[in-house]
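A short worksheet on the structure shown next.
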Amino acid sequence: MQVAQVIVDVPARQTNNPFSYSIPDNLANQIEPGMRVQVPFGNRKITGFVVDICDNSNFDGKLKPISDLIDLYPVINPELLNLADWLADQTYSFKISCLQTMLPGGMRTKNKKKLIAKNQDVIEQHPTIFHGQNEIEYDRGNFDNKTLAQILNLQKAGEIQVEYDLTNHARPIMLRAYKGVLNSEQIDEALKSVRKNAIGQIKLLNILKGQPTDNLLLSKWESMGVTASTLKNAEKKGWVSATSKRHVRNPFLRPVDPSKPFKLHPDQKNAVDSINQAISTQKDQVFLLEGVTGSGKTEVYLQSIAHALEMGRSALMLVPEITLTPQIVGRIRSRFGDQVAMLHSAMSNGERYDEWQRINTGKAKVVVGVRSAVFAPLKNIGLIIMDEEHDSSYKQADNPRYQTRDVAKWRAAYNHCPVVLGSATPSLESRARAMKGVYTLLSLPHRINRHALPHVSIIDMKTEMTKHQSVMSNKLADAIQVRLDKHEQIILLLNRRGYSSFLMCRDCGYVPRCPNCDISLTMHKDTHSLNCHYCGHTEPIPRVCPKCHSKRIRGYGTGSQQLEEQVRNMFPTARVLRMDVDTTRKKGSHEAIIDKFGAHKADILLGTQMIAKGLDFPEVTLVGVLNADSALQFPDFRSSERTFELLTQVSGRSGRADKTGEVIIQTFNPDHYAIKLAQTQDYEKFYATEMRVRHEGKYPPYYYTVKLTGNSPNENQTASEMFGIMNFLKKNLSPEAIILGPTPKTITRINNHYYYQIIIKYRREPKLKPTLDDILIQSQKKQRQGLQIAIDNEPLDFM
DNA sequence: GTCGCTCTCATA
DNA sequence: ATGAGAGCGACT
């Protein structure tokens, strides 16, 4: 007898192993590993992933049969099934979460339940449940305990029925097409038979008369004035035949012109040769491609991808979250055309589903995408590229907390292919591995056009005068005016989130704070409200201070909205564009802003981090960084690295064409090494300095780290549980392991939950994994008391 | 005795 | 996750 091993969709420790189900006759020979099924579990029906089919089960009891098949083909291929196991183990998360993460958003089934009333009486007797409708969504959180008990009783009495809605949310678009099947005599006959006032039908028949019998899409018919219902009717009468055509959504906004490989300069050629060698010999070698901005990394990627394709293999190229701009995708598509699929968070569920489908069926051979694209169902991968490998968006913030680099390396080993990690400012971890010979270092030290790097000057804001309380120094303001006069473009970077300004009373110093979290509320001028960044709490902006009733309560700090206002006031004739989370929320607005600025329809582009990366505007000759050190103020071991990397990145934005660029960095820490070394773009010296700091502080890459976070609604409980965990760790780990904490997190209270953390730093700790697994199992029991434990393996920060 | 509540347990 | 059953106080 065939038995299916199924990972059920119940995210809990106790259900983290496959459950055995028998395969009913009607599904025999149809079920394969990687397909999703519906199975009975307890007294309900849930979704699950078939991970294996075997001949017998080691489960003693009687097996229940699989109730239904959700997919007609496997949605998780054998490689990814393997990967899911490894990933769950690595990230201390559930297998089901890993499997779900691998699917494009729209394909994740939601276990939605419906309550259906058997008759009208039930609806009328229970208005609080049904509100006059015969079908409602059954979300247990929406009802109080009393109502839930009522529902249960009604269910037992057979008065209402619970149904499960396990459908995919992304679906293919099917377009109806119709064509005429009558010859002209039949049409004449039909014309005689219809009523005189059947305008629609007469119109259709007349069109059919003059038209060759082509399949025409419904939209085409509609544009000719024939409605869908007329066509449906005509189909019944046998006048037209109908077909459905799958419409593949196209996420690419515009066509691109094909491009030819460029001639490589010697450094590039050397890099391409090494990578291609590894592709040909199927070696899972990891390369660190280190090249300053403008050194031609992309061309190296393109020619290596071309080689992988020539070898009959596929290629995966990963890019950071906000870089995936049309500029980069355009370059890939111009070389490889329709074989390129794109996976990006700004795409709709439907678009992502269609692109995923093109990859899964083998139609797309090159995938360009963000973090989650590392799970693209490509087969026979010949090359994996991670551009800007140091970027923080490669680490997933919630379960499974994976580092894309590690997943890429796993897939490379599985597929016997190389990984190329590219960056101008590699992460210290990667660079250290390259120095140890674990990775192969390839460098592109020269800018392609041999143009000098822009001139970078640092302005000490402690001594610099500013015009009327502005965040902008006189020097920067003057420099901007010079460019405006010359009709050149300017980029202004605010090293902070867009809406970071808060409200403060100028008389008593009162700052409105979130009632649920330990954080001040941020001001949104567009919606005229105060919002909490963490829990979503919203309240109106007060006119007078609630504490001292002063009217002098107003905004403080500089968000990009305020900067925009200031810049407009200072340079009234300049055309200003703002790009931040607020102005790019709408689909396509990101591209629209870039296009507009690229076409020189604006003089100044100002915004947050997202303007720093990967954009190429030849007309930009001045880049101003308003507050270079705001990242340095974070109590985090990676803040220097972040600051250096960001400043180096923006500097690369200036003067890429034939005009020399200038960069002006405003800072309150002009002597900090991250800022000084960014001025000279000296990565080598920064690497050496920062490695010393990391060595002294026992930070990565000298030490491995784990962050353990606990939270519950009760602060005392959280603290005492975390102390218990700390003692347990001390007992089980070697004396060399460094255990820090428990300490309250920087923001201790979020949504009325109290957060404490423990940091573990270690070099070799074979008992760590089993100890942490143990802690998770123990904590499962305490979960009902509201305590939640999260483990982050190799966290990006200790905050 | 049984209703109502919380706690524990198994789910194949 | 979540329904079922156990255990226990309270009460028609």
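What you are looking at is a predicted structure, and each value in this text was computed from that prediction instead of being measured. Chain naming here is simple, since letters A, B, ... match the order of the sequence lines and numbering starts at 1 in each. Atoms considered below: every heavy atom in the structure, side chains included; atoms not considered: hydrogens, waters and symmetry mates.
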Categorize A/Phe41 for me: base, sugar-phosphate, or nothing, with a 4.0 angstrom heavy-atom threshold over every strand shown.
base

Determine whether the side chains of A/Ser712 and A/Asn714 contain a donor N or O and an acceptor N or O closer than 3.5 Å.
no

OP1 or OP2 of B/dT11 under 4.0 Å from side-chain N/O of A/Asn43
no

Under 6.0 Å between the ring centres of A/Phe375 and A/Tyr402?
yes

Distance, rounded to the nearest Å, where A/Lys64 contributes NZ and B/dT11 contributes P:
9 Å

So, A/Phe19 and B/dA12: ring centres less than 5.5 Å apart, planes less than 30° off, yes or no?
no

How long is the line joining CG of A/Asp9 and C1' of C/dA1, in whole Å?
9 Å

Nearest whole angstrom, please: distance from the P of C/dA1 to the CG of A/Asn399.
12 Å

Tell me the interatomic distance from A/Asp60, atom CG, to B/dT11, atom P, rounded to whole angstroms.
11 Å

Whole-Å gap separating P (B/dA10) and CD1 (A/Ile46):
17 Å

How many Å lie between CZ on A/Phe59 and C1' on B/dT11, as a whole number?
9 Å

How would you list all residue pairs meeting ring-ring contact (aromatic ring centres under 6.0 Å, His included) that involve residues 3-55 of chain A, not counting sequence neighbours?
A/Phe19-A/Phe41

With a cut-off of 6.0 Å (strictly less than), are more than 12 heavy atoms of other residues, nucleotides or ligands near OH of A/Tyr704?
no

What integer distance in Å separates A/Lys62:NZ from B/dT11:P?
15 Å

Whole-Å distance, A/Gln780 CD to B/dA10 P, equals 14 Å

